[in-house]
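To keep things clear, I will list the structure first and then write my remarks on it.
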Amino acid sequence: MTRMNRRQRQIYLFAALVITIGIVNGLFFLILYQPTRSEYFGLQESIRRLHAETASRLQRLRQKEKIAAQLETSNQDRTSLVTRHFIPLDVGFVQVQPELDRFAQRAGVKKSRVDESREAMPQFGLYSVKIKLPVQGAYSNIVQFIKELESSETFYIIRSIDVRGGSESSFQPAADNISLDLGLETFFYQ
Amino acid sequence: MGQFDLNLSTRPFRGYRLHTILLSLALIGLIAASVWQFLGFKRYSLLASQIRGQARNAQVESTALGKQLDELDAKLSRPEAVNKISEIQFLNGIIARKTFPWTRIFSDLEELMPESVHLVSLRPDISENGSAQLHIEVRARSVQDWAKFGAALQSIPSFDELIVLSEEKIQTGKTATSDVNFSFTVKYHPEKEEQ
């Protein structure tokens, strides 16, 4: 059996010390350092995510609160909108015809036969009424008639504009005789 | 006294200097790593303890908001509320269609439409936010005239995404003319005009 000399023993002891410190270091890294570091970055990420989530939830909450508030006053708003801008069913076409005549007269356009059709079933208590209105006049008068419809207290929604007669009846500012069919929509309420 | 150069060991000593240097370097490295790890551990522990409360508060706030949202959702998903919301959307749709700026469109068309192009029909599909898709039919003296009008229309920010649906040569009686009917859709954004 070979005996170790003093220097050799010292070297082995030194190496054992270095290895022990290395192992302790590794364990420290795995048990304390890395988990603490991960926890810190995890918390940071979680705060960022929660803040984003909170902001999005807050926005959705505001929207829903607004809808809930609208619901609270919706009956009142509906009544005010409907009675002010729509036509009672019992009055119906009796109001529509003279009103359109008045607009045509004021704008200086000729209005011929008016076709009207009312939907049989109401939607949310409103009967949609489609009107086909042929008008004839100079470009400026036609535009004036459309302005009358736009600014009318009663809602007359323009659905379509069809120019009749093609190039003979051109829809141009210089044109002095345009014939067109206006597709309108209004609503009757019960 | 004289100098003796005498080795009494039974075999020669091995040189341990290199081992000692390497082990010393490893020890220094390990000590440095230990210090770095310890300081890092202390720093991250402190930082984590500082933001732990913040994370808890953010969690509590988010959960509370979620609960409020659930309550409101439950309230708004009752049949009478759903029906009311549909009615509000329906009425908002009517208001959006009523407020569609027809006269402004006419004034745009007056400026953009060459004399050789005539409007045949115009029909808007209006969304709740006020933007619309216009279905337009025009008659042009030639394809070039139409192209001029199309380019002018797209040069205005409030009009975009022009899509031609059909192109038809017009025939009057037995004689063919160079007139062409174009049917197309274009998106209209009134809010861009206001800007």
Side-chain angles (χ1 to χ4, degrees), chain A residues 5 7-8 10-11 14-15 17-18 21-22 24-25 28-29 32-33 36-37 39-40 43-44 46-47 50-51 53-54 57-58 60-61 64-65 67-68 70-71 74 78 81 85 123-124 126 143 146-147 149-150 155-163 166-167 170-174 183 185 187, chain B residues 9 13-14 16 19-20 23-24 26-27 30-31 33-34 37-38 40-41 44-45 47-48 51-52 54-55 58-59 61-62 65-66 68-69 72-73 75-76 81 84-88 90-91 94-95 97-98 100-103 106 109-110 113 115 118-124 135 139 170 179:
Chain A
N5 65 46
R7 295 278 312 247
Q8 207 171 2
Q10 275 175 352
I11 287 293
F14 193 19
L17 177 74
V18 169
I21 292 174
V24 169
N25 236 307
F28 188 90
F29 180 83
L32 293 171
Y33 178 84
T36 313
R37 188 177 178 275
E39 187 200 7
Y40 170 67
L43 281 170
Q44 256 193 342
S46 142
I47 289 170
L50 283 167
H51 279 167
E53 197 177 88
T54 303
R57 282 183 172 173
L58 202 62
R60 274 165 54 208
L61 191 70
K64 295 209 182 242
E65 277 174 348
I67 294 171
Q70 278 182 338
L71 286 183
S74 69
R78 183 193 184 279
L81 176 83
H85 299 295
Q123 200 176 359
F124 299 108
L126 294 175
V143 171
I146 287 166
K147 275 185 190 165
L149 291 171
E150 273 188 310
F155 276 13
Y156 290 106
I157 297 161
I158 302 171
R159 299 172 63 236
S160 62
I161 291 176
D162 292 294
V163 181
S167 57
S170 64
F171 195 75
Q172 283 283 350
E185 186 177 12
F187 293 89
Chain B
S9 63
F13 281 127
R14 282 176 62 193
Y16 288 112
H19 295 86
T20 312
L23 283 168
S24 301
L27 184 66
L30 281 169
I31 288 168
S34 303
Q37 280 203 80
F38 181 71
F41 167 69
Y44 284 126
S45 301
L47 288 172
I51 63 168
R52 208 169 280 129
Q54 216 178 320
Q59 178 70 60
E61 196 183 351
S62 177
L65 278 175
Q68 279 185 46
L69 257 178
L72 258 181
D73 274 338
K75 193 176 156 188
L76 293 178
K84 259 286 170 258
I85 290 168
S86 305
E87 184 177 4
I88 291 171
F90 172 71
L91 293 173
I94 293 177
I95 293 168
R97 284 160 63 208
K98 166 66 187 168
F100 188 70
W102 279 97
T103 39
F106 284 139
L109 292 178
E110 275 171 30
M113 213 176 255
E115 275 188 30
H118 302 142
L119 182 75
V120 174
S121 80
L122 176 55
R123 182 171 54 81
H135 299 259
R139 177 179 287 193
I170 304 297
D179 285 11

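Treat the numbers as computed from the prediction; the structure is a model and nothing was measured.
Chosen from A:L71, A:N25, A:I67, the residue pairing most often with chain B at heavy-atom distances under 4.5 Å is A:N25. For the set B:I85, B:L91, B:L30, the count of heavy-atom pairs under 4.5 angstrom toward chain A peaks at B:L30. The candidate from A:H85, A:R78, A:H51, A:E53 with the greatest count of non-hydrogen atom pairs under 4.5 Å with chain B is A:R78. Of the listed residues (B:R123, B:K98, B:Q59), the greatest number of heavy-atom pairs within a distance under 4.5 Å of chain A belongs to B:K98. In terms of heavy-atom pairs under 4.5 Å with chain B, the best-connected choice from A:I11, A:L58, A:I158, A:L149 is A:I158. Most heavy-atom pairs under 4.5 Å with chain A: of the set B:R52, B:K75, B:E61, this distinction falls to B:R52. With respect to chain B, the highest number of heavy-atom pairs below 4.5 Å among A:F124, A:F29, A:F14 belongs to A:F124. In terms of non-hydrogen atom pairs under 4.5 Å with chain B, the most contact-rich of A:L126, A:L32, A:I21 is A:L32.
B:R97 places a side-chain heavy atom less than 4.5 Å from the side chain of A:R159. Looking only at side-chain heavy atoms (C-beta outward), B:L47 and A:L43 stay at 4.5 Å or farther from each other. A:V163 is not listed as a side-chain neighbour of B:H118, based on a closest heavy-atom distance of 4.5 Å or more. Looking at heavy atoms from C-beta onward, A:K64 lies out of side-chain contact with B:Q68 at the 4.5 angstrom threshold. With a 4.5 Å cut-off on side-chain heavy atoms, B:I94 and A:L81 do not count as touching. With contacts defined as side-chain heavy-atom distances shorter than 4.5 Å, the pair B:F100/A:I157 does not qualify.
Closest of all the heavy-atom pairs between B:A26 and A:V18 is CB-CG1, 3.8 Å. Among all heavy-atom pairs drawn from A:Y33 and B:F41, the shortest one is CD1-N, 3.7 Å. Of all heavy-atom pairs between A:T54 and B:S62, the closest is OG1-CB, 3.6 Å.
The aromatic rings of B:F90 and A:F187 sit perpendicular, their planes meeting at an angle over 60°, well past the 30° parallel limit.
The contact between B:L76 and chain A is made entirely by side chain atoms (from C-beta outward), counting heavy-atom distances below 4.5 Å. Heavy-atom distances place the side chain of A:E185, and not its backbone, under 4.5 Å from chain B.
Checked by atom type and distance alone, the side chain of A:R37 never pairs as donor or acceptor with a backbone atom of B:Y44 at under 3.5 Å. At least one donor-acceptor pair under 3.5 Å links the side chain of A:E150 to the backbone N or O of B:W102.
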Self-check item: Stepwise side chain to side chain donor-acceptor pair (under 3.5 Å) check, A:S74 with B:E87
Solution: CA-CA 9 Å; A:S74 69; B:E87 184 177 4; over 6 Å; no
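Put simply, CD on A:E65 and CG on B:L72 are 6.0 Å apart, with the number rounded to the nearest 0.5 Å. Between the OG atom of A:S46 and the CD atom of B:Q54 there is a distance of 10.0 Å, given to the nearest 0.5 Å. Atom-to-atom distance recorded for B:L65:CG and A:L50:CG is 11.0 Å, nearest 0.5 angstrom. Atom CZ of A:R60 and atom CG of B:L69 lie 5.0 Å apart (nearest 0.5 Å).
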